[in-house]
Amino acid sequence: MALVTGKPVYTDDLAPKDCLIVKVLRSPHAHAKIKKIETERALKIPGIECVLTHEDCPDKRFTMAGQTYPEPSPYDRRILDDRVRFVGDAVAVIAGVSEKAVAKAMKLVKVDYEVLEPVLDFRKAKDHEILVHPEENWKALCEVGADNQRNLCAHNETQEGDIDQVLKDCKYYVEETYHTKANQQAMMENFCTFTHMDAYGRLNVVSSTQVTFHVRRILAHALDIPKSKIRVVKPRIGGGFGAKQTIVTEVYPALVTMKTGKPAKIVYTREESFIASSPRHEMEVTVRIGADENGIIKGIDVYTLSNTGAYGEHGPTTVGLSGHKSIPLYGKAEAFRFAYDVVYTNVMSAGAYRGYGATQGIFAVESAVNELAHKMGMDPVKLKELNMVKEGQKMPAYYGETATSCALDKCVERVKAMISWDEKYPRKDMGNGKVRGVGLALAMQGSGISNVDTAAVTIKVNDDGFYSLVIGASDMGTGCDTILAQMAADCLDCDMDQIIVHGVDTDVSPYDTGSYASSTTYVTGMAVVKTCEVLKEKILKKGAQYISCPKEEVEFDGKRVFHPESGKEISLKEIGNQVMCGNEEALQASESHYSPTSPPPFMAGSAEVEVDLETGAVELIDFAAVVDCGTVINPNLARVQTEGGIAQGIGMALYEEILYNDKGKTSANSFMQYKIPTRQDIGNIRVEFQSSYEPTGPFGAKSIGEIVINTPNPAIAEAVYNASGVRVRELPITAEKIYMGMKEK
């Protein structure tokens, strides 16, 4: 209600009026060493508090990736460095009493650069003679195959079976390379943070972040101060989509506040959010796939080259999903291999984006499966149905996990009916120079990171018997506050309005790794269930004590504790008030949860497009989707999650790309240049759910946040091929690519 009535709930709304305004002076060069920075003239501007450079920062490397500790991403950043690595990299931080004063001062800071040759082509970056990170204090905390002397952020290879021999023996074989460009998350609320020192000399940070507890750790590393000196609070977030899993802005006002003792605020402009943030990783994925004469896929070989850009945020982790969330879709393969390299280049640093690498890998593998079907003269859906993973199957390429809940076959069956596949496949000539085609794709994701993601909640009974639910998970518009309150209300047999949700404050909230990896419903939800069970036992014990009955003989119905035999009872309201006096045990519970597995949600999505054969223009007519996310906890929230994810996938498929010129500068710095689809561009989106039951999830639930973005790319690419005969293997799929493809044919 606060959101739709325009109440001040976001970071910038809450910032004190006397905050210093913080801005970042950015590099005009893709690669350069800073020889000298002159700040004297800027400091003379009235209202300027400080101009900070690399000389004012701790000489400590860290990563801005909000991940578990120790972070897989290399420690390759300083807050400000004497070497800049992309156009837009931070050179200096300027703080003053007004935007006008800071803008004037920025023009007066003079920087003397030694311009270096950049590495811009990620295909040539590995073992390039130019090093993006030659510094000696670069380090990797985890064994991820990183080597800064080779421009390598990560490298690995896994396989099962003799993939080369298996593919050699296949009757049908396809080998192709697919290219996905970097994309911006383009959330409504730009990156913003404000900081201040409290009365106890602690740095307080209020930020629009998905990873509140990780912010505390990262700032402690970057500023070289104890974590106990930092408190981080997350207010309402205006969208994140993974962008705010990277600590993009927090370090700059924090540095200013530490240096000046004054409150400070940074709010990125939309241009800054486009040129100096954390977009999706550009990837080139090569797929080799083979099938026998019966259409059984025998082997899949995937090699991914990922461009992490100037820094390694999420580089070692996103790339893994490109293979581990695509190869297991096909359960009859005898052999697989998955290898990858993640390379440094002198472009904007990449980061987390909804789908987190699975999106890129699924586009490649699903496209290759479709191409294999056409080579065999088979309907691609029939090939998928022959080979798709089924419930109970072990998935060697998915860390050896078993599909304990999987309704993918039913998802395909339903989506075929929704799109009228049998009548429309492969194409329909509209008789006006336009042809319609259909395409279908499968996808899987995960539910949190197995053995890593940890969540805890605290629930306490207050006077009058209402509950406080204190969480560490960051609601970023996904509705997790609602979902978790819903679960608690179900467990405690009460109305949702009896539960007050509070989060996130690192001084108060129980630890949670954060809102990413589709973990909240599955991981934090189970923490809620466990906590409610413990709290109910405490309520029973306290109620039994107050009515002088044995605990084993009383019951709790959400409103009262009662003894069926004697008729004695006490209301929850009375219990809540009585524990305020003469009480030896707090009427609250706090439990933590993690999962040794990450059960995948599954999805089938089908697109119908119309291609103008004269111009190559493509229009999306219809997109039908069926999702298996286990038990659907809140159908309304699940539906809008799915519709929104599909819309983002459509943007990636048809419109969005970050391009750089030969100097490493991007032109995609506003919504005029970077095109995201409007409501008029996404056609008709229809969503249905196919329930399965996940035994390890709360009420049988799995995740839904990321799976929903993964099918539009391959489905639309296949639909375009069926309509025009042109196979587009590089996203986005534009009229020019289709037209030139038709011309070549």
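- A donor and an acceptor atom, one from each side chain of Thr524 and Asp512, are located under 3.5 Å apart.
- Annotation for Ala455 and Ala527: closest pair O-CB, 3.7 Å, computed over non-hydrogen atoms.
- Checking side-chain atoms of Ser273 against main-chain N and O of Asn190 turns up no donor-acceptor pair under 3.5 Å.
- Nearest heavy atom pair, residue Lys325 against residue Ala358, reads CB-CB, 3.7 Å.
- At least one donor-acceptor pair under 3.5 Å links the side chain of Arg280 to the backbone N or O of Arg354.
- Remark: Arg217 engages Tyr69, Glu71, His214, His221, Lys227 in a side chain to side chain contact (heavy atoms under 4.5 Å, CB included) (not counting sequence neighbours).
- Here Arg270 contributes atom CZ and Phe671 contributes atom CZ; the two are 4.0 Å apart, rounded to the nearest 0.5 Å.
- Put simply, the residue from Val215, Thr193, Thr63 that forms a side chain to side chain contact (heavy atoms under 4.5 Å, CB included) with Ile247 is Val215.
- Partners of Arg78 under the salt bridge (Lys or Arg N to Asp or Glu O under 4.0 Å) rule, at least two apart in sequence or in another chain, are Asp59, Asp81.
- Considering only heavy atoms from C-beta on, Met258 comes within 4.5 Å of Ile225 through its side chain.
- Using a 3.5 Å distance cut-off with no hydrogens or angles, the side chains of Asn713 and Thr359 do not pair a donor with an acceptor.
- A heavy-atom distance below 4.5 Å is not found between the side chains of Ile575 and Val461.
- Between Tyr516 and Thr68, the shortest heavy-atom contact is OH-N, 4.0 Å.
- In this structure, the separation between OH on Tyr594 and CG on Asp453 is 12.5 Å, given to the nearest 0.5 Å.
- Ion pairing of Lys675 with Asp681 is absent here, as no side-chain N (NZ or NE/NH1/NH2) approaches a carboxylate O to less than 4.0 Å.
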Donor-acceptor contacts, no H, no angles, side chain residues 91-101, under 3.5 Å, sequence neighbours left out:
unit_1 : atom_1 : unit_2 : atom_2 : d
Ser98  : OG     : Ala101 : N      : 3.1

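- Contact between Thr642 and Ile704 at its shortest, heavy atoms only, is OG1-CD1, 3.5 Å.
- Glu694 and Pro599 get closest at one heavy-atom pair: OE1-CB, 3.3 Å.
- In this structure, the side chain of Asp505 does not engage the main chain of Ser509 through any donor-acceptor pair within 3.5 Å.
- Note: Gln648 CD to Glu706 CD = 11.0 Å, rounded to the nearest 0.5 Å.
- For the residue pair Ser703/Gln445, the side-chain donor-acceptor check at 3.5 Å is not satisfied.
- Counting only distance, with no hydrogens or angles, the side chain of Glu313 and the backbone of Gly351 share no donor-acceptor pair below 3.5 Å.
- In this structure, Asp198 contributes its side chain and Gly201 its backbone to a donor-acceptor pair below 3.5 Å.
- Side-chain atoms of Tyr522 and Ser595 form a donor-acceptor pair, as typed in the model, at a separation below 3.5 Å.
- For Lys104, the NZ atom is loosely surrounded, since the number of other residues' heavy atoms within 6.0 Å does not exceed 12.
- The existence of a salt bridge linking Lys259 and Glu49 is excluded, since no basic side-chain nitrogen approaches an acidic carboxylate oxygen closer than 4.0 Å.
- Not counting sequence neighbours, the partners of Phe213 by the ring pair (Phe, Tyr, Trp, His ring centres under 6.0 Å) test are Tyr511.
- The side-chain heavy atoms of Thr482 and Leu637, taken from C-beta on, include a pair separated by under 4.5 Å.
- Arg686 is linked by a salt bridge (Lys or Arg N to Asp or Glu O under 4.0 Å) to Asp622, counting only residues two or more places apart in sequence or in another chain.
- Remark: Asp628 engages Lys702 in a salt bridge (Lys or Arg N to Asp or Glu O under 4.0 Å) (not counting sequence neighbours).
- The number of heavy-atom neighbours closer than 6.0 Å to NZ of Lys60, taken from other residues, nucleotides and ligands shown, is above 12.
- Using modelled atom types, no side-chain atom of Thr631 and backbone atom of Ile633 make a donor-acceptor pair closer than 3.5 Å.
- Every residue meeting the side-chain hydrogen bond (donor to acceptor under 3.5 Å, both in side chains) condition with Ser474, not counting sequence neighbours, appears here in chain and number order: Thr212.
- A distance-only check finds no donor-acceptor pair linking the side chain of Arg231 to the backbone of Arg202 [under 3.5 Å].
- Within the 4.5 Å cutoff, side-chain heavy atoms of Thr521 are placed close to those of Met487.
- A heavy-atom distance below 4.5 Å is found between the side chains of Gln184 and Ser277.
- Ion pair Glu591/Lys530 not flagged as a salt bridge, since none of the NZ, NE, NH1 or NH2 atoms sits closer than 4.0 Å to an Asp/Glu carboxylate oxygen.
- Listed by chain and number, the residues in a ring pair (Phe, Tyr, Trp, His ring centres under 6.0 Å) with Tyr356 are His314 (sequence neighbours excluded).
- With Thr246 contributing its side chain and Val248 its backbone, the two residues share no donor-acceptor pair below 3.5 Å.
- With contacts defined as side-chain heavy-atom distances shorter than 4.5 Å, the pair Pro279/Met348 qualifies.
- In this structure, the side chains of Gln67 and Gln245 come closer than 4.5 Å at one or more pairs of heavy atoms.
- For Lys265, the salt bridge (Lys or Arg N to Asp or Glu O under 4.0 Å) partners at least two apart in sequence or on another chain are Asp12.
- Taking Ala243 as the reference, Gln185, Met187, Phe191, Ser278 meet the side chain to side chain contact (heavy atoms under 4.5 Å, CB included) condition, with sequence neighbours excluded.
- Two residues are said to be in side-chain contact when any heavy atoms from C-beta on lie closer than 4.5 Å; Phe699 and Val529 meet this criterion.
- Within a 6.0 Å radius of CE in Met672, other residues, nucleotides and ligands contribute 12 heavy atoms or fewer.
- Between the side chains of Ser598 and Ser450, no donor-acceptor pair of N or O atoms lies under 3.5 Å.
- Relative orientation of the Phe274 and Tyr674 rings is tilted, given thresholds of 30° and 60° on the angle between their planes.
- With rounding to the nearest 0.5 Å, the separation of CD1 in Ile500 from CG in Asp481 is 11.5 Å.
- In terms of modelled atom types and a separation under 3.5 Å, the side chain of Ser590 and the main chain of Val457 share a donor-acceptor contact.
- In this structure, Ile275 CD1 and Thr666 OG1 are separated by 8.5 Å, a value rounded to the nearest 0.5 Å.
- Pairing each heavy atom of Lys234 with each of Asp475, the nearest pair is NZ-O, 3.3 Å.
- Panel note: side chain Thr257, backbone Lys262; a donor-acceptor pair is recorded below 3.5 Å.
- Side-chain contact, Gln588 with Thr458: no donor N or O sits under 3.5 Å from an acceptor N or O.
- Distance check: His281 NE2 to Leu321 CG gives 11.5 Å after rounding to the nearest 0.5 Å.
- Remark: Glu189 pairs with Tyr10, Thr11, Cys192, Ser208, Ile237, Lys244 by the side chain to side chain contact (heavy atoms under 4.5 Å, CB included) rule, at least two apart or across chains.
- Not a single side-chain hydrogen bond (donor to acceptor under 3.5 Å, both in side chains) links Asp490 to another residue, sequence neighbours left out.
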